[in-house]
Amino acid sequence: MRCDERKSYGIFDHEHSFSSSRLAASQEEALPDKDGSGQQMGPKKGKKGSPRHRTGPPPPGPSSLFIFAEDNFIRKATKFIIEWPPFEYAVLLTIIANCVVLALEEHLPKGDKTVLAQKLELTESYFLCIFTIEAALKIVALGLVLHADSYLRNIWNMMDFFVVFTG
């Protein structure tokens, strides 16, 4: 019996290796061609074939809000606007005007307000609108938070966003 068992194991091993090589060959034939040229797709061998070393167009840059790519017209226009010196000066003048308005407020007992304070209170919505537009332009141009140099990666923009959000 031992002799038969050995033979059957030997035959089994031989058949197993034969069938596995036939299976591997059939799997290679089943792989789709890359572009009809007869080259098969699959993992490339060597360092130059690894995904980090493939040639071709570079991956797209970070998008703003998952909508605007870096080469998008709207994003380019908003980037131009926020970097335009008159826009920066207008925002600074708006901040100074808002500080002056806040300094002119008078708090009287029992919630009373002077005529000047009532008129100045109407300007708050205008200031909030201007600061919201500024924040929205910067978010579209820079992106919100997910990539380097985005809007909320700057400490001053964090403070600006907090003020606008709570306003």
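Since the model is a prediction, treat every value here as computed from it, not as a measurement.
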Heavy-atom pair with the smallest gap, counting every atom of [X] and [Y]:
X	Y	result
T114	E106	CG2-OE1, 4.0 Å
K138	N157	NZ-OD1, 3.6 Å
K113	Q118	O-NE2, 3.8 Å
H147	R153	O-CG, 3.9 Å
A135	Y151	CB-OH, 3.6 Å

Between [X] and [Y], is any pair of side-chain heavy atoms under 4.5 Å apart?
X	Y	value
I155	M159	no
L152	F161	yes
I74	I67	no
N98	T94	no
D160	E134	yes

Roughly how far, to the nearest 0.5 Å, is the [atom2] atom of [Y] from the [atom1] atom of [X]?
X	Y	atom1	atom2	answer
L65	R75	CG	CZ	8.5 Å
N154	M158	CG	CE	8.0 Å
E83	T78	CD	OG1	9.5 Å

Using the rule that Ile, Leu, Val, Met, Phe, Trp and Tyr join whenever any side-chain heavy atoms are under 4.5 Å apart, tell me whether [X] and [Y] fall into a single cluster.
X	Y	answer
W156	V145	yes
I130	I133	no
L128	L102	no
I139	F66	yes
F131	W84	yes

Would one find more than 12 heavy atoms of other residues, nucleotides or ligands at under 6.0 Å from atom CZ of F87?
yes
Can you confirm whether D149 is buried at CG, in the sense that more than 12 heavy atoms of other residues, nucleotides or ligands lie under 6.0 Å from that atom?
no
Quick one: does any side-chain atom of S64 pair with a main-chain N or O of E70 as donor and acceptor, under 3.5 Å?
no
